[in-house]
Amino acid sequence: MQWTLVIPLKPLARAKSRLSDTAGDGVRPGLALAFAQDTVSAALASPAVSDVAVVTDDALAGRELAALGARIVPDTPASGLNAALAHGAAAVRQMRHRAAVAALNADLPALRPLELSRVLDAAAEFPRAFLADAAALGTTLLAAAPDQELRPAFGTDSRSRHRTSGATELALTEVDSVRQDVDTGEDLRAALALGVGRHTAAASVGLLIPGS
């Protein structure tokens, strides 16, 4: 099964506020963009991915991610993460009614294409499926088969909320790069240990990262 990934990205000026212990106000927007660039680059290199739609109203991010090959979908609802994801999935299915769609976080700078393929191949066995994040509280990927609505429930304790919604939790090992999202300095340290993409590597130079 080939998947279309829907990746949401808030305006860069408001992104990654929890990284304030690691990156100042002038640095965080560039870091958030770097995370998204590495995420999109790795996603497009995955054998299981046909294309990537990024839902964003940030002009700079839109230009940079389109240059990598992503399709940009304006965040018309402007009502938060879940509304953006539902809107993006609907936009994808307006073009291809039976597209298999998966929501993916934009902050996976260590993402490995083959690990992502393993997750998506496993998700193809279920109507809806999700992967918990490294902290085991959130979600980094939510997948919906062609005949299923995405029904995103990201946010606080989304692992529990997606499970309650009927989505199957994927119990996979050795897919750490798909689980390691970055919200805090500790998360960034863990991602760097896994090995981040070139954009994040460049943007992280000189940062004082907790635990390093």
Side-chain angles (χ1 to χ4, degrees), residues 3-20 23 25-46 49-96 99-111 113 116 120 130-131 133 138-144 149-156 158 178 180-183 187-188 191 196-200 202-204:
W3 295 83
T4 294
L5 301 188
V6 179
I7 298 178
L9 183 62
K10 68 173 61 175
L12 297 176
R14 296 193 284 107
K16 296 299 155 193
S17 59
R18 291 172 60 193
L19 274 171
S20 59
D25 292 347
V27 176
R28 285 198 304 276
L31 204 55
L33 176 58
F35 295 165
Q37 287 171 304
D38 287 331
T39 300
V40 168
S41 295
L44 286 169
S46 170
V49 175
S50 62
D51 60 329
V52 171
V54 176
V55 184
T56 188
D57 277 337
D58 191 285
L60 173 60
R63 289 194 301 271
E64 294 294 330
L65 298 175
L68 295 175
R71 179 158 62 94
I72 306 304
V73 178
D75 185 7
T76 304
S79 297
L81 175 59
N82 291 311
L85 286 170
H87 172 65
V92 167
R93 284 179 171 167
Q94 276 188 333
M95 297 181 65
R96 294 196 312 282
V101 175
L104 183 72
N105 288 7
D107 57 352
L108 297 167
L111 186 63
L116 176 59
L120 291 170
F130 72 95
L131 186 74
D133 64 9
T139 303
T140 57
L141 180 143
L142 173 69
E149 294 299 319
L150 188 62
R151 294 167 56 198
F154 287 83
T156 303
S158 65
V178 196
Q180 189 57 67
D181 54 355
V182 176
D183 289 317
D187 294 337
L188 180 55
V196 297
R198 64 182 182 89
H199 297 94
T200 302
S204 300

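- The distance from the CG atom of L81 to the OG atom of S158 is 9.0 Å, given to the nearest 0.5 Å.
- One distance of note links OG1 of T139 with CZ of F130; it measures 5.5 Å at 0.5 Å rounding.
- Here the options are D51, L104, V54, V101, the test is side-chain contact (heavy atoms from CB on, under 4.5 Å), and the partner is L5; only L104 passes.
- The shortest heavy-atom contact between A191 and A110 is O-CB, 3.8 Å.
- For residues 28-41, the salt bridge (charged side-chain N to carboxylate O under 4.0 Å, His left out) pairs, not counting sequence neighbours, are D25-R28.
- When each of L116, V196, T39, V182 is checked for a side-chain contact (heavy atoms from CB on, under 4.5 Å) with L108, only T39 meets the rule.
- Taking 4.5 Å as the limit, some side-chain heavy atom of D183 sits within range of a side-chain heavy atom of K16.
- A salt bridge does not link D58 to R63: none of the charged nitrogens lies less than 4.0 Å from a carboxylate oxygen.
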**OP:** Please report the C-alpha distance between L31 and L19 in whole Å, then the side-chain angles of each, then the deciding distance to 0.1 Å, and finally whether the side chain to side chain contact (heavy atoms under 4.5 Å, CB included) criterion is met.
**Re:** CA-CA 10 Å; L31 204 55; L19 274 171; 3.9 Å; yes
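- How far OG1 of T4 is from CE of M95: 9.0 Å, rounded to the nearest 0.5 Å.
- Taking every heavy atom of both residues into account, A13 and P29 meet most closely at CA-CG, 4.2 Å.
- We find the OG1-CG distance between T56 and L9 to be 4.5 Å, quoted to the nearest 0.5 Å.
- Each of I72, V52, L60 was scored for a side-chain contact (heavy atoms from CB on, under 4.5 Å) with L65, with one residue passing: I72.
- Side-chain contact between R71 and V92 is present, with heavy atoms from C-beta onward closer than 4.5 Å.
- Remark: H199 NE2 to L33 CG distance equals 8.0 Å, nearest 0.5 Å.
- At least one side-chain heavy atom of L188 sits under 4.5 Å from a side-chain heavy atom of F35.
- Looking at every heavy atom in both residues, V49 comes nearest to A43 through CB-O, 3.3 Å.
- Counting only distance, with no hydrogens or angles, the side chain of H87 and the backbone of P74 share a donor-acceptor pair below 3.5 Å.
- Of all heavy-atom pairs spanning T200 and P109, the tightest one is OG1-CB, 3.2 Å.
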**OP:** Test side chain to side chain contact (heavy atoms under 4.5 Å, CB included) on V40 and I7 and set out the steps.
**Re:** CA-CA 8 Å; V40 168; I7 298 178; 4.0 Å; yes
Original post:
Are V6 and L150 close enough, and set up right, to give a side chain to side chain contact (heavy atoms under 4.5 Å, CB included), and what steps lead you there?
Top reply: CA-CA 10 Å; V6 179; L150 188 62; 5.5 Å; no
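- Using modelled atom types and a 3.5 Å distance limit, the side chains of D133 and T140 yield no donor-acceptor pair.
- When all heavy atoms of A103 and L85 are compared, the pair lying nearest together is CB-CD2, 3.6 Å.
- Residue R198 qualifies as open at atom CZ: its count of foreign heavy atoms under 6.0 Å is 12 or below.
- Here the side chain of S50 pairs a donor or acceptor atom with the backbone of W3 at under 3.5 angstrom.
- Looking at S46, its side chain never comes within 3.5 Å of a backbone N or O of L44 through a donor-acceptor pair.
- In terms of heavy-atom proximity, A203 sits nearest to A34 at CB-CB, 3.8 Å.
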